[in-house]
Every structure is written in C-alpha cells, then in structure tokens.
Chemist: 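One structure, pasted below without further comment.
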Amino acid sequence: MNALQKYLDQNGVTRYQVAKQTGIANTTLANAVKETKPLSRQTVKVISAVAQALGKTPGQVLDDLIELDEDNSK
C-alpha cells in the first residue's frame with residue numbers, strides 16, 4: 001500500500017474529505033496514492049492539503065510519512 005494512503009487510513013480521513021476541505025482535486029489525490037507513486041515523488045501541494053485537512057503542519061505530515069515509509073521498507 002502507498003505510504004500516503006496508509007497515512008490517510010491511519011488518521012481516519014478519506015481522499016474525498018481532503019479534497020472537500022482543501023479544494024485540491026480528487027484526481028490529484030487519486031494519483032498521489034497510486035501504488036507506484038513513491039513518497040519521494042509527492043508534491044508540496046498534496047502534502048500541504050493533507051496537513052491542512054488534519055490540522056497539522058506540512059513538516060509534521062512529511063516527518064510522519066517518512067517514518068511510515070521507512071517502517072514499510074523494513
């Protein structure tokens with residue numbers, strides 16, 4: 001599973017909710033959570049939208065995603 005999708009699931013938020021709250025296109029989020037999309041290819045736009053929806057800073061979200069991605073690769 002893509003790290004971003006796993007992160008959304010762990011935080012109990014859907015792509016639709018992120019799109020609705022932030023105005024980012026749902027198709028942008030759908031592309032961001034594709035299995036083939038590595039964390040290193042995520043955009044600032046997507047990270048910022050997820051952070052806004054969760055009430056976190058983009059830095060916090062990125063730190064969480066990096067940790068999650070490292071745990072998945074072990």
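In what follows, residues are counted from 1 in the order of the sequence shown. No experiment lies behind these values; they were computed from the predicted model shown.
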Chemist: Nearest 0.5 Å please: distance from the OG1 atom of T43 over to the NZ atom of K37.
Modeler: 6.5 Å
Chemist: Between CG of N2 and CG of L68, what distance do you get to the nearest 0.5 Å?
Modeler: 9.5 Å
Chemist: Could you check if a side-chain atom of N11 sits within less than 4.5 angstrom of a side-chain atom of K56, using non-hydrogen atoms only?
Modeler: yes
Chemist: Can you name the nearest heavy-atom pair linking A3 to D69, along with the distance?
Modeler: CB-OD1, 4.0 Å
Chemist: Shortest non-hydrogen contact from L29 to R15?
Modeler: CD1-O, 3.3 Å
Chemist: Would you name the heavy atoms of A53 and T22 that are closest together and state the gap between them?
Modeler: N-CG2, 4.2 Å
Chemist: Apply side-chain contact (heavy atoms from CB on, under 4.5 Å) to D71 and K6, showing your working.
Modeler: CA-CA 12 Å; D71 288 348; K6 190 170 186 177; over 6 Å; no
Chemist: Locate the shortest heavy-atom distance separating Q17 from V13; write the atom from each residue and the value.
Modeler: OE1-CA, 3.1 Å
Chemist: Between Q60 and L54, is a side-chain contact (heavy atoms from CB on, under 4.5 Å) present by the stated rule, with each step listed?
Modeler: CA-CA 10 Å; Q60 288 172 317; L54 295 174; over 6 Å; no
Chemist: Working to the nearest 0.5 Å, report the span between CZ of R41 and OG1 of T36.
Modeler: 10.5 Å
Chemist: Does a donor on one side chain and an acceptor on the other come within less than 3.5 Å for Q5 and D9?
Modeler: yes
Chemist: Can you measure from CG (L62) to OH (Y7) and round to the nearest 0.5 angstrom?
Modeler: 9.5 Å
Chemist: Going through the distances and angles, do L4 and L39 end up as a side-chain contact (heavy atoms from CB on, under 4.5 Å)?
Modeler: CA-CA 7 Å; L4 182 59; L39 180 58; 5.9 Å; no
Chemist: How many angstroms lie between atom CD1 of I47 and atom OG1 of T57, to the nearest 0.5 angstrom?
Modeler: 11.0 Å
Chemist: How close do A51 and P58 get, counting heavy atoms only, and between which atoms?
Modeler: CB-N, 3.6 Å
Chemist: Rounded to the nearest 0.5 Å, how far does OG of S40 lie from CG of L65?
Modeler: 12.0 Å
